[in-house]
Amino acid sequence: MCGLVATLAVGLFPPAAAAADEPTGKPAPKVDLVLDVSGSMRTRDIDGQSRMAAAKQAFNEVLDAVPQEVELGIRTLGADYPGKDTKVGCKDTKQLYPVGPLDRTEAKTAVATLAPTGWTPIGPALLGAADDLEGDGDATRRIVLITDGEDTCAPLDPCEVAREIAAKGIHLTIDTLGLVPDDKTRRQLTCIAEATGGTFTSVQHTDELSRRVTQLVDRAADPVVTPVATEGAARCADAPRIKPGLYSDREKFSEHRWYRVDVLPGQELRASVSVGADRAVNQDYGVLLRAVTVHGREIVRGSEAGDGRTDVISSGLRYPKPPLDNEDEVKPAAETVCLQVSNAFSAPASVKTTPGLPVELTVDLVDSPDEPSDLAAFGLGRGWWLLGTLALTGLVAGLLWGWLSRLRLVWRSN
C-alpha cells in the first residue's frame with residue numbers, strides 16, 4: 001500500500017515539473033544575430049548558391065536549435081536602401097525580430113523575406129544591436145555579426161565602435177563570422193571581435209556557418225563568470241575597496257591604477273591581472289602588479305614583459321599573512337593592501353589610445369599556510385632587504401674568489 005501511494009504521488013506531482021515552475025531569479029541570456037543583407041550577398045560562391053541563400057539556410061537550422069532559455073533577436077544591415085546616397089545607406093539597419101522569447105516560425109518567416117539590397121553599415125548596426133540588448137545588467141549578452149565584406153560607411157570605424165561598446169563595461173561580447181572574407185575584411189572583423197573578447201571565424205561552407213552560429217548561441221546559454229565593472233584610482237587613498245572576485249577596468253597607455261583589498265591574519269591574498277592588446281601596439285611592453293601597504297612600502301610584486309605581437313599579457317602575486325597566536329582572545333584586524341596595476345604599452349601615432357586597454361583583475365582570499373614564508377624577504381620586494389642581501393652575497397663571493405685566486409697563484413709559483 002505504501003509503495004502504491006508513493007507511486008501515485010510521484011505520478012501526480014512530478015518533482016521535475018515542480019522545479020521547472022520555480023523562478024530561478026537569473027536573467028535570461030540574450031543574443032542578437034546581425035546579418036549582412038548588402039548587395040554583395042548575391043555572390044554565388046558558397047556550395048553553388050548565393051551567400052544570402054546559404055545564410056538563410058543556416059539561420060533556419062540555428063533557429064531550430066536555440067536553447068529554450070535564450071532570448072534571441074535578429075538585426076539586419078543593408079536590407080532596405082538600394083540607392084547611392086551615403087547618408088541614407090549608412091543608416092540602413094533595423095531590428096528584424098526583437099530580442100526576447102523565440103517564436104521559431106515567426107523568426108524564420110522574417111528571414112525568408114530578406115533579399116540582398118544595399119550598403120554595409122557595420123558600425124551603425126553594432127550600435128543598434130547594443131541598444132537591442134540593453135537591460136538586465138547581469139544577463140549574458142552576445143552579438144553575432146555575419147557579413148561578407150568590410151564596412152562601407154567610414155569614418156564610423158566599426159572597430160572603434162566595438163571598443164566604445166566594450167568600454168561601457170556592460171560585458172557585451174561580439175563574435176564575427178566572415179563569409180569567404182578577403183584580407184581587409186578579415187582584419188576588420190578580427191579587430192571587432194578582439195575589442196570585446198569575442199572570436200572571428202572564416203566561413204566557406206553553409207554547414208560551417210550553421211555549426212558555428214549554433215555554438216555561439218549555446219555558449220551564451222552556458223556563460224562563464226561575468227566580471228564586475230570597476231574603476232581604479234590614481235592613488236591608493238582613493239582606490240575602490242574590492243572583495244574576492246573578477247573585475248574589469250580600462251587603463252590608459254602607460255597608466256597606474258590602484259585598488260584596495262582587506263586581508264585578515266591567517267589569509268593569503270592571491271591576485272592576478274591581464275591586460276589585453278585590443279589594437280596595434282609597439283614592441284617592448286609589460287605589465288606590473290604590486291602589493292603595497294597604505295604607507296607606501298612594497299610587500300610583493302609580479303611582472304611580465306614581452307616583445308612582438310600579443311593578445312594579452314598577465315602577471316600575478318601571492319601574499320600570505322600568518323595567523324595570530326591569541327586569535328581566540330583578540331578579534332583580528334584586517335590589513336589594507338593596495339594593489340597597483342601598471343602597464344608599459346605604447347601605440348603608433350596612427351592608433352587611437354582611447355578608450356584605454358581592457359584590464360581584468362582577479363582577487364582571491366584563501367587560508368594561509370600554517371607557517372607562511374615572507375615572500376618579500378626573498379627578493380620579491382622590500383628593496384632595502386634585497387639590497388643588503390645582494391651586497392653581503394657579493395662581498396662573501398668576492399672574498400672567496402680572491403682567496404682561491406691567491407692560493408692558485410702561490411701554488412703555481414712554488
Mind listing the closest non-hydrogen atom pair of [X] and [Y] along with its distance?
X      : Y      : result
Val359 : Glu251 : CG2-CB, 3.7 Å
Asp218 : Pro67  : OD1-CG, 3.4 Å
Ala221 : Val70  : CB-CG2, 3.6 Å
Val312 : Ser274 : CG2-CB, 3.8 Å

Thr86/Trp119 under side-chain contact (heavy atoms from CB on, under 4.5 Å): CA gap, chis, key distance, verdict = CA-CA 9 Å; Thr86 304; Trp119 297 60; 3.5 Å; yes
Regarding [X] and [Y], does a basic nitrogen lie under 4.0 Å from an acidic carboxylate oxygen?
X      : Y      : value
Glu268 : Lys321 : no
Glu106 : Arg104 : no
Glu71  : Lys30  : yes
Asp238 : Arg260 : no

NZ (Lys91) with more than 12 external heavy atoms under 6.0 Å | no
What do you reckon, is CG of Asp367 surrounded by more than 12 foreign heavy atoms closer than 6.0 Å?
-> no
With salt bridge (Lys or Arg N to Asp or Glu O under 4.0 Å) as the test, would you mind laying out the steps for Asp157 and Lys352 before giving the verdict?
-> CA-CA 11 Å; Asp157 184 354; Lys352 285 188 176 182; over 6 Å; no
Check the angle between the aromatic planes of Phe253 and Phe345 and answer parallel, tilted or perpendicular using the 30° and 60° thresholds.
-> perpendicular
Only one of Arg241, Gln267, Lys243 clears side chain to side chain donor-acceptor pair (under 3.5 Å) with Asp262; which?
-> Arg241
Determine yes or no for a side-chain-to-main-chain donor-acceptor pair under 3.5 angstrom, with Glu208 supplying the side chain and Gln204 the backbone.
-> yes
Take Arg51 and Asp148, measure what salt bridge (Lys or Arg N to Asp or Glu O under 4.0 Å) needs, and give me the verdict at the end.
-> CA-CA 8 Å; Arg51 297 173 182 177; Asp148 69 337; 2.8 Å; yes
Straight-line distance of Asp47 CG to Thr206 OG1, nearest 0.5 Å = 4.0 Å
Going by the salt bridge (charged side-chain N to carboxylate O under 4.0 Å, His left out) test, name the single residue among Asp92, Asp36, Asp131, Asp132 that passes it with Arg75.
-> Asp132
